[in-house]
Q: 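There's a structure below that I have some questions on.
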Amino acid sequence: MSEPEKLRGLSDIYRFFRKNTTPIYFVSPTAYNILGLGQWIQGFKYISHFDSFDGGHFRVTNPQQNTEREFQSMEDMVNYLLSHKESVDLFQRNGGKGKILTVMFDEKTEEIAKQLGVEIALPSAELRKRLDSKIVTTQLANEAGVASAPNIVDVQASSYEELRALAEKNNLGEKLVVQTPYGDSGKTTFFISNQEEWDKVAKKVIGETLKVMKYINHIPGTVEAVATRCGTMVGPLQTDITGYKELTPYKGGWCGNDIFPELLEGKQREKIIAMVKAMGDKLYENGYRGTFCFDYLVDTDDGEVYLGEINPRISGASPLTNLVTSKYGGIPLMLFHLLEFMDVDFEIDVDEIQKRWADFGSWTQLVLKHTEDQVRLITKAPRSGIWRMLDNGEIKFVRNSIDWNNVSDNQDAFYLRVYDAGDYAYLGADMGILVARGRMQTDDRQLLPRAHQWIRAINAEFEYRALDAQEVPHIPTDNVRKMI
């Protein structure tokens with residue numbers, strides 16, 4: 001039997017995935033993170049908890065939950081989905097083998113996958129856990145020559161006085177950014193400049209190993225990349241949309257991204273790309289391969305660029321990354337991740353392929369969280385699909401759609417529903433996601449009027465009722481409130 005031919009260019013890669021016979025499944029609360037990838041890959045399926053498409057997406061399986069279950073984390077939900085009888089039946093119908101993609105998983109997920117005879121096409125949970133630490137990330141970045149904002153890592157403080165002493169010893173200034181090793185969407189990043197601010201977060205900080213940074217005036221952004229045997233491929237740069245009270249109850253919490261070709265042109269862009277490549281190569285040296293998210297900070301006072309943190313996983317930046325790289329560059333970045341985990345050899349020119357998405361249209365994603373601190377039952381929710389903004393600021397549903405490629409102009413947007421009628425809304429719940437052409441945020445980080453219009457209009461499509469006195473709904477912990 002002859003050896004499989006090495007893939008040497010995009011035509012080979014297109015052909016390989018078009019003729020793919022290995023089942024590939026994305027298992028997650030929603031299909032959102034890599035929605036649309038099935039257009040490129042034969043045998044691609046989604047297994048998700050939330051039925052965002054009312055059963056109308058031919059690639060999506062929604063295992064029915066027969067009893068009330070209290071998920072403790074995203075990993076817990078993934079483990080439930082993976083081991084559900086409907087999922088197991090799906091695996092068996094497709095030959096009993098295959099590859100699993102997901103956002104979050106743990107050692108139990110790996111055990112379940114092994115028992116089922118499917119392979120998780122991601123670096124191990126143990127490695128991801130180690131690299132996910134903001135402290136380990138900073139240490140690896142230092143080794144790779146990738147600069148972080150002035151900081152100290154691997155320290156502890158049991159009082160504000162101890163924190164101030166550490167800051168003064170290391171010239172970090174009066175206003176500090178304090179992070180615990182793990183956490184996402186800004187939930188474990190604290191801004192502390194006085195005793196009162198320390199007191200508010202002391203319980204979350206004391207006893208933790210910390211990263212303490214100098215606060216800088218900055219623009220936050222993110223870029224998704226893929227560490228491969230041929231080098232690190234860098235996707236298009238994105239700005240973060242964070243902390244807006246209309247979108248999230250969490251101060252500094254992530255709630256979307258803008259992506260546009262004029263972002264950080266010239267030397268700043270070149271420096272960020274070089275930093276991401278160096279970081280990706282360092283990750284690969286440490287056994288990590290595939291997709292990761294690089295959060296960067298641009299100092300608005302002097303223009304310096306720094307590493308913020310690394311997310312070693314498919315992330316919230318993945319949707320816009322794959323949209324742009326496929327729509328304008330001819331191939332979604334996620335395919336290069338998969339190549340690392342398929343039984344095929346390949347040799348590609350990373351820089352040449354990366355040039356393909358040097359110019360592209362502007363897009364935005366907004367994550368709409370429930371911002372009211374009350375629990376209510378949803379009685380009506382907007383449908384997934386294409387919506388149109390009318391001249392009077394109201395919106396109307398235009399048509400069903402299973403991805404955002406059918407967004408035709410700046411008046412249209414694709415909405416993906418997460419929570420539906422019959423679900424409970426609670427503080428911080430990811431209610432849904434909006435994807436639109438054009439920007440929603442100004443250069444000086446203010447929401448544009450069109451963003452306010454869309455947020456108000458989508459929220460107006462929800463209807464609720466107050467809970468009865470005897471109702472005791474299960475409200476997920478912070479660990480499972482994030483659904484993408």
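In this text, all values refer to a predicted model and were calculated from it rather than measured experimentally.
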Q: Measure across F336 and I353 and return the closest heavy-atom pair with its distance rounded to 0.1 Å.
A: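 In this case the closest contact between F336 and I353 is CZ-CG2, 3.8 Å.
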Q: I'd like to know if the side chain of T364 and the backbone of M440 have a donor-acceptor N/O pair within less than 3.5 Å.
A: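 Indeed, once roles are kept as given, a pair shorter than 3.5 Å links the two residues.
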Q: My understanding is that only residues two or more places apart in sequence, or in another chain, count here; which of them pass side chain to side chain contact (heavy atoms under 4.5 Å, CB included) with R437?
A: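 Result, side chain to side chain contact (heavy atoms under 4.5 Å, CB included) vs R437: K327, Y328, W363, V407, N410.
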Q: Given Y464, which of R376, Q374, E372 fulfils the side chain to side chain contact (heavy atoms under 4.5 Å, CB included) condition?
A: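 Output: one option passes, namely R376.
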Q: For the residue pair Q446 / Y244, report whether a side-chain donor-acceptor contact shorter than 3.5 Å exists.
A: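 No, Q446 and Y244 have no side-chain donor paired with an acceptor closer than 3.5 Å.
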Q: Assess whether a salt bridge exists between D420 and K380, defined as any Lys/Arg side-chain N lying under 4.0 Å from an Asp/Glu carboxylate O.
A: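 Looking at D420 and K380, the cut-off is not met.
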Q: Does T138 use its side chain to pair, donor to acceptor, with the backbone of K211 at less than 3.5 Å?
A: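 No; judged by distance alone, with no hydrogens or angles, the pair does not exist.
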Q: Indicate every side-chain donor-acceptor pair of residues 390-399 with a distance under 3.5 Å to a residue at least two apart or in another chain.
A:
unit_1: N392; atom_1: OD1; unit_2: E394; atom_2: N; d: 3.0
unit_1: R399; atom_1: NH2; unit_2: N406; atom_2: O; d: 2.8

Q: Under 4.0 Å between a Lys/Arg side-chain N and an Asp/Glu carboxylate O for R445 and D240?
A: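 So R445 does not pair with D240 through a salt bridge.
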Q: Under 6.0 Å between the ring centres of H337 and F292?
A: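 Distance test on ring centres: not under 6.0 Å, no.
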Q: With Q39, which residues qualify under side chain to side chain contact (heavy atoms under 4.5 Å, CB included), at least two apart?
A: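 Residues passing side chain to side chain contact (heavy atoms under 4.5 Å, CB included) with Q39: D403, N405.
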Q: For K129, is there an ion pair with D132 - N to carboxylate O distance below 4.0 angstrom?
A: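 Not counted as a salt bridge, because no side-chain N and carboxylate O are separated by less than 4.0 Å.
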Q: Answer yes when K355 and D359 have at least one side-chain N-carboxylate O distance shorter than 4.0 Å, and no when they do not.
A: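 Between D359 and K355 there is no salt bridge, as every charged N stays at least 4.0 Å from the carboxylate O atoms.
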Q: Give the minimum heavy-atom separation between E75 and D106, together with the two atoms involved.
A: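 It is CB-OD2, 3.5 Å.
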Q: Kindly write out the residues that satisfy salt bridge (Lys or Arg N to Asp or Glu O under 4.0 Å) with D281, not counting sequence neighbours, or none if the list is empty.
A: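 For D281, no residue satisfies salt bridge (Lys or Arg N to Asp or Glu O under 4.0 Å) once neighbours in sequence are set aside.
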Q: Salt-bridged, E304 to K271, with N to O below 4.0 Å?
A: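 A salt bridge is present here (some side-chain N lies under 4.0 Å from a carboxylate O).
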Q: Using the side-chain hydrogen bond (donor to acceptor under 3.5 Å, both in side chains) rule, collect all pairs that involve residues 45-54, keeping only residues at least two apart or in two chains.
A: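 Sorted pair list: S48-N62, D54-R417.
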Q: Should the pair Y14 and W40 be assigned to parallel (<30°), tilted (30 to 60°) or perpendicular (>60°) ring geometry?
A: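 Correct class here is tilted.
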Q: Side chains of Q179 and T188: do they bring a donor and an acceptor to under 3.5 Å?
A: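 No, no side-chain donor-acceptor pair sits under 3.5 Å.
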Q: Can the ring centroids of F50 and Y419 be said to lie less than 6.0 angstrom from one another?
A: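 For F50 and Y419, the ring centres are under 6.0 Å apart.
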Q: Can a donor-acceptor pair be found, under 3.5 Å and without considering hydrogens, that links the side chain of S87 to the backbone of L81?
A: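 Looks like yes, one N/O pair under 3.5 Å.
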Q: Indicate, with yes or no, if the rings of W454 and Y415 have centres closer together than 6.0 Å.
A: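 No, too far apart.
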Q: Would you say the side-chain atoms of K369 pair up with the backbone N or O of C255, donor to acceptor, closer than 3.5 Å?
A: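 Absent.
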Q: Return the set of residues passing salt bridge (Lys or Arg N to Asp or Glu O under 4.0 Å) with D295 (not counting sequence neighbours), or none when no residue passes.
A: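 With sequence neighbours excluded, D295 shows a salt bridge (Lys or Arg N to Asp or Glu O under 4.0 Å) to no residue whatsoever.
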